[in-house]
Peer 1: 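Before we start, here is the structure in question, set down as structure tokens.
Please read these numbers as outputs of a predicted model, since none were measured by experiment. Quick note on labels: first sequence line is chain A, next is B, and so on, each numbered from 1.
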Protein chains: 4
Amino acid sequence: MKQSPRVLGRPRHDENAKPKKDIVLETATRLFIKEGYKNISMDDVAKACNVTKATIYYYYPTKGDLYTSALLAMMDRIRLSILHILEQSIVFKERLEQLIEIHLSATVDIDMKNFMREATINLSTSQLKEVQAAENNMYKTIEQAMQREMEQGTIRKGNATFFAHAFMALMSVGYFKDGEGERLFQSEAMAAKEIVDFFWQSVEK
Amino acid sequence: MKQSPRVLGRPRHDENAKPKKDIVLETATRLFIKEGYKNISMDDVAKACNVTKATIYYYYPTKGDLYTSALLAMMDRIRLSILHILEQSIVFKERLEQLIEIHLSATVDIDMKNFMREATINLSTSQLKEVQAAENNMYKTIEQAMQREMEQGTIRKGNATFFAHAFMALMSVGYFKDGEGERLFQSEAMAAKEIVDFFWQSVEK
Amino acid sequence: MKQSPRVLGRPRHDENAKPKKDIVLETATRLFIKEGYKNISMDDVAKACNVTKATIYYYYPTKGDLYTSALLAMMDRIRLSILHILEQSIVFKERLEQLIEIHLSATVDIDMKNFMREATINLSTSQLKEVQAAENNMYKTIEQAMQREMEQGTIRKGNATFFAHAFMALMSVGYFKDGEGERLFQSEAMAAKEIVDFFWQSVEK
Amino acid sequence: MKQSPRVLGRPRHDENAKPKKDIVLETATRLFIKEGYKNISMDDVAKACNVTKATIYYYYPTKGDLYTSALLAMMDRIRLSILHILEQSIVFKERLEQLIEIHLSATVDIDMKNFMREATINLSTSQLKEVQAAENNMYKTIEQAMQREMEQGTIRKGNATFFAHAFMALMSVGYFKDGEGERLFQSEAMAAKEIVDFFWQSVEK
DNA sequence: GATGAATGAGTTTTCATTCAT
DNA sequence: AATGAATGAAAACTCATTCAT
């Protein structure tokens, strides 16, 4: 099972092919989410993309930059997905349930806290700043929704920032697996319901 | 440039001196908590302990074992501290507040989720099992308290395991720092109060 | 934040603009002189020229060729400048002083010996030959002047080749900087005078 | 012709064997002298010493440190050899001749200027400082001899530092090889004589 | 004429681990 | 009980060069 030998130089361009830069970013994101910054080497990413390391460095000058780009893209995608869900015109509580259900279904545990930690340890100050801004935007999206609902009287008045963080923290409970790999709830739908119910009792009027 | 005079002969063993094994474990724990498994090398630990790498290997056969021992010790310490606090004979809500305040004051973010993640990625199956058991014990301690309070009617009936995880998740909000390094609350005491108030509304009868 | 407007269509070729080939050569020469062959990458040259690496390869098939061309051009320029100075009709000693002063003033240490060393190590045999020939021509120019002056009785008879090399070696003393970056002489003019005086005592009749 | 497989861990100690640290330093010095800093990789050094790269890093934390150590050792050796020769109780002119003859015979072109250049480009500030100090000491040794001879009236009064540098510069002419690899003089002895004669005419009373 | 994309082979450095003493 | 010396494997990053456009 020999692979066709790779050739030097610029390859012939295939109109339908995704740009390599994007492939690299997507692959890297996936790997970083699964295993974290230090456990994924540039070689790992290269192999997973079927390109050489040098190709990755052509697009991303350092590993930190690749990680930064991956995080930014991911956080922005999440932010948009959150925004999309929260903008629907159904009752707030149901929107929250959807939020949880959809994110729990995305299989991978999008563990913000951990990303931020790895960022803090491994990124340069300027890279870290970018990532922090993106994280902030994510939380702001939820916060603003909380704020709106407070004003409309759907939920009680309170610290919207805290509410947003509390909500995300509670969501993370849905990812928990015990020693046997068992989740706390039987399905994402049930997890979503239980978690939102719990959250709701704290925020309802 | 004289050197400080040194006593001749074999130094008497200092009864009060901590055994090296413990020094290593404590130092390693501290470092692993701050920077994570992959960011701390055996060399780092050795330097911080003022012993050689070989000494560490004398006591802990692999890095994974050292990490495992560190986690076990830490989780057990936390478990005991939780137990100690929850066993007091003051009203439950106040005990919960104390729990949060004390842990938030311990400066370092004891981020269980992250430890478990690093464990999953880096430890052998048998090591991982030990760590998972220890984590479980920690949660069980809180869970049992929740169970007891349900039975005594202090809080409403519900899924005690979920309550325990929800509580810990909400506690983690207290660690959050934004881009400027600002926490959400002005003091640990206020954080504890707000978080428990929030939690309480969900669990009270 | 508007971009500066750009004219549509193919830009008219600017007659006055230097051909890229020359820009590349000049830039490369400057960089190689300052930092040496191995410390300057093709990327460095490209960046400094504001062209792409591929452009450089369009004109110079290998890095060795670029270095060769740079050395040849430089040595020829130096040879011509030496020739120009030595051909003047003022007394020989003064011509020698001018030679030193002008070269010391050229800020960069034109260290022939080092260029030849890097050439020996890094160039192909045929490239090396070209460079050696150019170096030879440079020395020959001085040698011939020495020869002429011997015949005219301005200086004593002796090994003209040795005299030429001795002169250049002494000139290099003028470049010396100590640990504090201090030169041996206060000005190029004084250096020139001292060095030529020293040389002169060895060669006068 | 398989090599005996290298084994992990500390090797059995052979009383007669030279310490590896010294072997590494000597080998590295030889290689750096011949090919320069950038042309010699840590791998090259390791292979030439028949140890692994990691062994080199065990003794010398960076390539720059290895180079620094190599230069320092070399310069000190040269300084001592110079000192030794200049301290003899024969006439000064003969001592100078010996100096040149011995150094020219050492086969390798000990090109101080070039070492200093590579040091400037590649070493850290603190490493550079050490090397500059060592270079300085070397020159100081000759300078002091010049000074003494001035005071004793063997040579004319003048700038001793300049004299020392001039002498070393003239010595370097002895290393010159033309395109065909021919030296300027037939033997080291003749080179020494010619060079010192030349130098002497400039410094005699 | 000039460029963007890609590579293979190297570079310096790190690190968990081993083993004789 | 503790250490000093050594290793193999991998990590991040560089660089001269190639080739389709």
Peer 1: If we ignore hydrogens and angles and just use 3.5 Å, is the side chain of C/T68 paired with the main-chain N or O of C/G64 as donor and acceptor?
Peer 2: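 Yes, C/T68 side chain to C/G64 backbone: donor-acceptor pair under 3.5 Å.
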Peer 1: Quick one: A/K38 NZ to F/dA11 P, roughly how many Å, whole number?
Peer 2: 11 Å
Peer 1: Tell me which residues in residues 64-73 of chain A put a heavy atom below 4.0 Å from DNA chain E, sorted by number, or none.
Peer 2: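 Output list: empty, so none.
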Peer 1: Which nucleotide in the list F/dA16, E/dT7, F/dA11 gets nearest to the side chain of C/S41?
Peer 2: F/dA16
Peer 1: Distance check needed: E/dG8 C1' versus A/D43 CG, whole Å only.
Peer 2: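 Spelled out: CG on A/D43 to C1' on E/dG8 is 12 Å.
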Peer 1: Consider side-chain contact (heavy atoms from CB on, under 4.5 Å). Of C/E35, C/K38, C/K34, which one does D/I121 pass it with?
Peer 2: C/E35
Peer 1: Pick base, sugar-phosphate or nothing for A/K20, based on heavy-atom distances below 4.0 Å to the nucleic acid.
Peer 2: sugar-phosphate
Peer 1: Taking D/K18 first and then D/E26, would you say they form a salt bridge - that is, a charged N and a carboxylate O separated by under 4.0 Å?
Peer 2: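 Yes, D/K18 and D/E26 are salt-bridged.
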Peer 1: Taking the side chain of B/K53 as heavy atoms from C-beta outward, which of F/dC13, F/dA6, F/dA16 is closest to it?
Peer 2: F/dA6
Peer 1: Parallel, tilted or perpendicular, judged at 30° and 60°: which one describes the rings of C/F32 and C/Y37?
Peer 2: parallel
Peer 1: Please answer whether the main-chain N or O of D/S124 pairs with a side-chain N or O of D/Q127 as donor and acceptor at a distance below 3.5 Å.
Peer 2: yes
Peer 1: Mapping A/D44 and B/I56 onto DNA chain F by nearest heavy atom, which one lands closer to the 5' end?
Peer 2: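 Between the two, 5'-proximity favours B/I56.
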Peer 1: Judged by each residue's nearest nucleotide on DNA chain E, which is more toward the 5′ side, A/T55 or B/P61?
Peer 2: A/T55
Peer 1: For DNA chain E, produce a single dot-bracket line, 5' to 3'. Pairs: Watson-Crick or G-U wobble, both distances under 3.5 Å. Symbols: ( ) within strand, [ ] crossing, | other strand, . unpaired.
Peer 2: .||||||||||||||||||||
Peer 1: Report the nucleotide, chosen from F/dG8, F/dT3, E/dA5, that has the shortest atom-to-atom distance to any side-chain atom of A/Y58.
Peer 2: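 The nucleotide sitting nearest to the side chain is E/dA5.
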Peer 1: For B/Y37 and E/dC15, what is the distance between atoms OH and C1' respectively, to the nearest whole Å?
Peer 2: 11 Å
Peer 1: Just the rounded figure in Å: distance from P of E/dT7 to CE of A/M42.
Peer 2: 14 Å
Peer 1: Would you mind reading off the distance between D/I23 atom CD1 and F/dA6 atom C1', rounded to a whole angstrom?
Peer 2: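 One finds 13 Å between C1' of F/dA6 and CD1 of D/I23, rounded.
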Peer 1: In residues 123-132 of chain C, what residues come within less than 4.0 Å of DNA chain E, judged by heavy atoms?
Peer 2: none
Peer 1: Output the rounded distance in Å from NZ (B/K63) to C1' (E/dT17).
Peer 2: 12 Å
Peer 1: How close or far is atom P of F/dC15 from atom CD1 of C/I40, stated in whole angstroms?
Peer 2: 10 Å
Peer 1: Using modelled atom types and a 3.5 Å cut-off, is there a donor and acceptor pairing between side-chain atoms of D/D76 and backbone atoms of D/L72?
Peer 2: no
Peer 1: Name the closest nucleotide to the A/Y59 side chain, picking from E/dA5, F/dC13, E/dT12.
Peer 2: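 Closest nucleotide to the A/Y59 side chain: E/dA5.
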Peer 1: If you only use heavy atoms from C-beta on, which nucleotide in F/dG4, E/dT7, E/dC15 is closest to the side chain of D/A54?
Peer 2: E/dC15
Peer 1: Can you tell me the distance, in whole Å, between the CG atom of A/N122 and the P atom of F/dA11?
Peer 2: 15 Å
Peer 1: Examine E/dC15: is either OP1 or OP2 under 4.0 Å from a nitrogen or oxygen in the side chain of D/Y57? Give yes or no.
Peer 2: no
Peer 1: Is there a donor-acceptor pair closer than 3.5 Å between any side-chain N or O of D/K63 and the backbone N or O of D/I40?
Peer 2: yes
